[in-house]
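The structure appears right after this line, and notes come after that.
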2 protein chains.
Amino acid sequence: MGQTVVQEGETPDFVGCVLSGLLRMQKTLADGRHHIVGLLVEGDIFGRVFGGATEFAIEVATDAEFCAFPRGEFEELLMRSPDLDRAVMLNTLNELDRARDWMIILSNQKITGRIAGFLLLMVTRFSTIDHIVKARDGGIEIRIPIGRQDLAHLLGTRPESISRALHALQDDSAIRIIEPNLIGVLDLSALAREAGEDEVDGIRSVRELLKVARLDR
Amino acid sequence: MGQTVVQEGETPDFVGCVLSGLLRMQKTLADGRHHIVGLLVEGDIFGRVFGGATEFAIEVATDAEFCAFPRGEFEELLMRSPDLDRAVMLNTLNELDRARDWMIILSNQKITGRIAGFLLLMVTRFSTIDHIVKARDGGIEIRIPIGRQDLAHLLGTRPESISRALHALQDDSAIRIIEPNLIGVLDLSALAREAGEDEVDGIRSVRELLKVARLDR
DNA sequence: CTCCCGCCTTGACAGCTATCAATGACCGTT
DNA sequence: AACGGTCATTGATAGCTGTCAAGGCGGGAG
């Protein structure tokens, strides 16, 4: 927990792939604060494929497993397997879109909007990770895999504001705080409205997810 | 000016490469506001290489030229030319880092800090585009290629706050507002301090840039 | 079992920003 | 030259957030 996998400015000699658990990608600023720029879950690839130093450190957020390939071999593998190459490219493009989604979320001036966007992103992006997003009869339950401090760093604010905003969303009956890190989503539309996002497509896909989850049981 | 090149949600049938001018990548929200998530300058590639719809619209910010390759041919070209494939991958990875830099900037809670980070990013990233960043005897001059409205959308705030923050930085003798869109940088360290970033490396490279620019003349 | 420590939460206050409104500068048009 | 439009700026006020401080809760060590 909290161990460093890749240090800032380092050029790692391997390409990693997360198998389970959660890693966080962050940058430490001059004043000691560290800002989180992304979370890595199972299936995510980290470490730059071709040269160049990583500008961001990677640390373990929860118990996690990952595998590492020597970078040279991985690059050769990419050369020989167009399919793998294409998959890595698609993965990178998806991460790029995700990073831009983060930008939209961070552009929201009210904290409640940022948290609403964060929760929606969790639901839409991590819907396949069942220990994070669970579909229940009452709606969806999200287990936030990081603490208030990290969440604040992620959303560009402070733990106190996170707490207040979550309880404000609860007062609006948009969510329910089951445990500090276990959030029940009561009203997706309200969240989307709060986030200011046109998340209609996202919500539709979530509805599909819920249907599938119910059929599974 | 303001024309749409690629629409949101569309799957463009070409891959574009900016030759000159400036394009902006943005997303329109449900309430009509549009948030800018990136600027494209010469050499930047846009349009997804492999399938998938673009989540962001691309519009012309200034007079611009770009070339377009049919997507199918481009993908075949990638298959046949490992060098090009590698270059595109590197380009994408760089954009990813840039997007994460944006996240850091947007995480800054004070507007002056966000603008300081923006200016530093302009200097470090667009230092080769001489109609945007110019080295002069007094320091560096940055021509901001977008208006206050767009700048506000980019930094997640409002035009009024942009104006106030710029003039605050001027009062601190960190910058000089030569024209509304032409900013002279007087004190890089002050900007870095304001941004809270450990931009020492960045500043060093800027110093190199200044030296080179002076030798050029 | 008790203590200690970290985390989450809540309250009070200062500081900053969003918002509304109004003014002035610049540009293209008439 | 006069007009209308957009854009940048400035002021006043309300609202929200950062900050500091304190209290409550749970888990681990002794």
Side-chain angles (χ1 to χ4, degrees), chain A residues 1-2 24 29 31-33 35-36 61-63 105-118 142-172 175-183 194-196, chain B residues 1-2 24 29 31-36 61-63 105-118 142-172 175-184 194-196:
Chain A
M1 288 280 288
R24 64 179 175 224
L29 303 187
D31 50 17
R33 297 175 310 180
H35 279 281
I36 298 179
T62 68
D63 288 329
I105 291 175
L106 287 173
S107 293
N108 210 314
Q109 44 255 40
K110 294 207 293 185
I111 305 285
T112 49
R114 270 180 265 182
I115 289 198
F118 166 75
I142 304 172
R143 180 163 295 280
I144 302 177
I146 54 179
R148 290 288 187 273
Q149 186 100 27
D150 283 343
L151 190 51
H153 287 150
L154 192 56
L155 297 179
T157 181
R158 305 275 148 180
E160 297 95 326
S161 296
I162 296 283
S163 182
R164 276 187 254 269
L166 277 173
H167 285 266
L169 287 176
Q170 183 173 233
D171 292 343
D172 291 345
I175 65 172
R176 193 164 68 89
I177 305 174
I178 305 167
E179 300 168 19
N181 286 346
L182 184 62
I183 306 298
E194 193 69 39
Chain B
M1 289 282 287
R24 62 177 178 226
L29 303 186
D31 50 18
R33 296 176 309 180
H34 54 287
H35 278 279
I36 298 178
T62 68
D63 288 330
I105 291 175
L106 287 173
S107 293
N108 210 315
Q109 44 255 40
K110 293 208 293 185
I111 306 285
T112 50
R114 269 180 265 182
I115 289 197
F118 166 75
I142 304 173
R143 181 163 293 281
I144 303 176
I146 54 178
R148 291 286 187 273
Q149 187 101 25
D150 282 344
L151 191 51
H153 287 149
L154 192 55
L155 297 180
T157 180
R158 304 276 148 176
E160 298 95 326
S161 296
I162 296 282
S163 183
R164 277 186 252 269
L166 278 173
H167 284 267
L169 287 176
Q170 182 172 234
D171 293 343
D172 291 345
I175 65 172
R176 194 165 69 88
I177 306 173
I178 304 166
E179 299 169 19
N181 286 346
L182 183 61
I183 306 297
E194 194 68 37

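First the proteins, then the strands, lettered A, B, ... as listed; each starts at 1.
- Distance, B/Asp150 CG to D/dA8 P: 9 Å, rounded to whole Å.
- Between the P atom of C/dT9 and the CD atom of A/Glu179 lies a distance of 11 Å, rounded to the nearest Å.
- Formation of a donor-acceptor pair under 3.5 Å by the B/Asn181 side chain with backbone atoms of B/Arg143 is not found in this model.
- Rounding to whole angstrom units, CG of residue A/Asn108 and C1' of C/dA18 are separated by 13 Å.
- Straight-line distance from the CG atom of B/Leu151 to the P atom of D/dC7: 14 Å, rounded to whole Å.
- The closest donor-acceptor contact from the side chain of B/Arg176 to the backbone of B/Gly184 lies at 3.5 Å or more, if one exists at all.
- Within residues 161-172 of chain B, the residues having any heavy atom under 4.0 Å from DNA chain D are, by residue number, B/Ser163, B/Arg164, B/His167.
- Residues B/Leu182 and B/Ile142 have side chains not in contact (no heavy-atom distance under 4.5 Å, counting atoms from C-beta outward).
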Open item on the list: Using the rule given for side chain to side chain contact (heavy atoms under 4.5 Å, CB included), can you reason through A/Thr157 versus B/Gln109, listing the C-alpha separation, both sets of side-chain angles and the distance that settles it, and then say yes or no?
Closed with: CA-CA 7 Å; A/Thr157 181; B/Gln109 44 255 40; over 6 Å; no
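- A/Gln170 contributes a side-chain N or O that, together with a main-chain N or O of A/Ile177, makes up a donor-acceptor pair within less than 3.5 Å.
- For the pair B/Ala152 and B/Pro159, the tightest heavy-atom approach, listed with the atom from each and the gap, is CB-N, 3.5 Å.
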TODO: Could you walk me through whether B/Thr112 and B/Lys110 pass side chain to side chain contact (heavy atoms under 4.5 Å, CB included), step by step?
DONE: CA-CA 5 Å; B/Thr112 50; B/Lys110 293 208 293 185; 4.0 Å; yes
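- The overall bend of the helix from C/dC1-D/dG30 to C/dT30-D/dA1, read as the angle between its terminal helix axes built from five base pairs each, is 30° when rounded to 10 degrees.
- Closest contact between the side chain of B/Lys110 and the listed nucleotides D/dT9, C/dT9, C/dC16 involves C/dC16.
- Across the protein-nucleic acid pair, A/Gln149 atom CD and C/dG6 atom P stand 12 Å apart, rounded to whole Å.
- Rounding to whole angstrom units, CG of residue A/Leu155 and P of D/dG18 are separated by 11 Å.
- Here D/dA12 presents its C1' atom at 18 Å from CZ of B/Arg158, a figure rounded to the nearest Å.
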Open item on the list: Applying side chain to side chain contact (heavy atoms under 4.5 Å, CB included) to B/Ile105 and B/Leu155, what does each step give before you reach the verdict?
Closed with: CA-CA 8 Å; B/Ile105 291 175; B/Leu155 297 180; 4.3 Å; yes
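- Counting only distance, with no hydrogens or angles, the side chain of A/Arg24 and the backbone of A/Leu154 share no donor-acceptor pair below 3.5 Å.
- At whole-Å resolution of the value, CD in A/Glu160 and C1' in D/dG23 are 14 Å apart.
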